[in-house]
Amino acid sequence: MTGNRGLEDAMSLMQRITTFLRSPRGQQLVDRGRREMAKPQNQERLRQLATRLSSTRRR
């Protein structure tokens with residue numbers, strides 16, 4: 001065993017994600033995400049979540 005199996009698995013996963021994101025379905029999801037994040041109410045929800053997560057980590 002070389003000990004690089006975890007690294008190889010991570011690289012394989014990244015390749016699969018990249019391939020998916022370049023596919024038509026992946027592009028649809030990316031576009032949908034961009035449209036959703038352009039909405040002020042979703043931006044505020046994300047800010048609240050980030051605040052909650054950052055305050056949890058400081059404990």
Side-chain angles (χ1 to χ4, degrees):
M1 292 194 138
T2 61
N4 288 335
R5 183 66 183 162
L7 180 60
E8 291 172 9
D9 288 346
M11 289 178 67
S12 173
L13 178 61
M14 287 301 296
Q15 288 173 333
R16 290 174 59 194
I17 291 170
T18 300
T19 300
F20 173 73
L21 290 175
R22 290 180 178 161
S23 73
R25 178 69 178 136
Q27 285 298 302
Q28 287 176 347
L29 289 176
V30 168
D31 291 342
R32 180 178 173 193
R34 286 188 178 132
R35 284 193 310 272
E36 288 297 319
M37 285 313 303
K39 297 177 182 177
Q41 66 201 41
N42 289 333
Q43 292 176 8
E44 182 58 29
R45 284 181 185 164
L46 186 59
R47 276 193 284 279
Q48 289 172 354
L49 177 61
T51 300
R52 260 197 344 247
L53 289 176
S54 67
S55 66
T56 301
R57 291 182 191 179
R58 291 182 185 158
R59 292 182 188 178

Legend entry - Short side-chain to backbone donor-acceptor contact, Gln27 and Leu21, under 3.5 Å: yes

Legend entry - CD on Glu36 to CD on Gln41, rounded to 0.5 Å: 8.0 Å

Inset, instruction - Give, for atom CD of Gln43 and atom CE of Met37, the distance between the pair rounded to the nearest 0.5 Å. - result: 5.5 Å

Inset, instruction - Say whether Leu13 and Phe20 are linked into one hydrophobic cluster, either directly or through other cluster members, by side-chain heavy-atom distances under 4.5 angstrom. - result: yes

Legend entry - CE-OG1 distance between Met11 and Thr18, expressed to the nearest 0.5 angstrom: 10.5 Å

Legend entry - Sidechain-backbone polar pair: Ser12 side chain, Glu8 backbone, donor-acceptor under 3.5 Å: no

Legend entry - Over 12 foreign heavy atoms within 6.0 Å of CZ, Arg22: no

Inset, instruction - Compare all side-chain heavy atoms of Gln28 with those of Asp31 and state whether any distance is below 4.5 angstrom. - result: no

Legend entry - Straight-line distance of Asn42 CG to Leu49 CG, nearest 0.5 Å: 12.0 Å

